[in-house]
Amino acid sequence: MSVTKEQLINFEKKVKKVYEEGKILAPVHLSGNNEDILIEIFKKIDREDWVFSSWRNHYHALLHGIDEHELFNKILDGRSMSINSKDRNFYSSSIVGGIIPIALGAALALKRNKAKKTVWCFIGDMTFETGIFHECYKYSRNFDLPLKFVVEDNDLSTNTPTEFAWNKKSTIPKDIIYYKYERLYPHHGTGSWVLF
Ligand SMILES: Cc1ncc(C[n+]2csc(CCOP(=O)(O)OP(=O)(O)O)c2C)c(N)n1
């Protein structure tokens, strides 16, 4: 069954509550303001496709079919930044750019095995500016690999404007799915001071 906008928003609110109660002894990165666009993007993503995500992965995980309770328990366990599921073909990591070469390798394996699946790699606007992105993008295009990138642009790299860091932002190639949104929550945490 598909996940609704309300379910996504309420999930993050539930995480916010337990985080502020000091029950999660690890960072959390909450999503918000991008429910509509993500629901649209995930309509194109087959359940058997692979999805790669980052430290801010709760929406991607839920939309790719990871069970809400399983996800919540992993977050309570302090594993919010690295939600992985071999059953659901989902991989995430908190290392900026870390998922990109892994996603590339997965796409290469799918092509070699003649699997009719696609790898979807979600990255932030700063991750898009990294060297590792540009090498992997080039390789994936030159070898015609089933790898799609989605750039989620909130204009910030943690709290530094990406444009300030680079003086100007790079042009997004036309074969990359791109959307802009304004952050609802801080980069990590909820904006409240939490005593653990
Ligand atoms: C290798 C590495 N360097 C630095 C960090 C710290 N860090 C975490 S998120 C982030 C910014 C990433 O910006 P962007 O890709 O735009 O993502 P978003 O703003 O959506 O979180 C940084 C520098 C990290 N996690 N990994």
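First listed ligand is number 1; within each ligand, the first listed atom is number 1.
Contacts of S94 with ligand 1, taken as heavy-atom pairs under 4.0 Å, involve the backbone alone. Under 4.0 angstrom from ligand 1, there are no non-hydrogen atoms of D153.
Of the protein's heavy atoms, S157 OG, 3.3 Å lies nearest to atom 11 (C) of ligand 1. Nearest non-hydrogen protein atom to atom 8 (C) of ligand 1 is V96 CG2, 3.9 Å. For atom 15 (O) of ligand 1, the closest heavy atom belonging to the protein is T127 OG1, 2.6 Å.
A 6.0 Å sphere centred on CZ of F164 holds no more than 12 heavy atoms belonging to other residues, nucleotides or ligands. Dense packing is recorded around NZ of K14, with more than 12 heavy atoms of other residues, nucleotides or ligands lying under 6.0 Å away.
The side-chain hydrogen bond (donor to acceptor under 3.5 Å, both in side chains) test applied to K23 returns E21, not counting sequence neighbours.
Between I95 and ligand 1, a contact under 3.5 Å exists for no N or O pair. Checked against a 3.5 angstrom limit, the closest N/O atoms of E152 and ligand 1 fall outside it.
Counting the atoms of ligand 1 from 1 in the order shown, those under 4.0 Å from a heavy atom of H187 are 9 (S), 21 (O). Near M126, with a cut-off below 4.0 Å to any heavy atom, the atoms of ligand 1 are 13 (O), 14 (P), 15 (O), 16 (O).
With values rounded to the nearest 0.5 angstrom, H187 atom NE2 is found 10.0 Å from L156 atom CG.
When Y181, W55, F122, F128 are ranked by how near their heavy atoms come to atom 9 (S) of ligand 1, first place goes to W55.
No option in N89, L110, T118 other than T118 meets the side-chain contact (heavy atoms from CB on, under 4.5 Å) test with D49.
Ligand 1 is approached by R56 to a heavy-atom distance shorter than 4.0 Å. Residue contact annotation: L156 has a non-hydrogen atom under 4.0 Å from ligand 1.
Contact of the D175 side chain with the Y137 side chain is registered, since non-hydrogen atoms from C-beta on lie closer than 4.5 Å. Looking at S31 and L8, their side chains never come closer than 4.5 Å, going by heavy atoms from C-beta outward.
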Just do the side chain to side chain donor-acceptor pair (under 3.5 Å) check on D36 and Y181 with the steps written out, would you?
CA-CA 11 Å; D36 291 327; Y181 74 104; over 6 Å; no
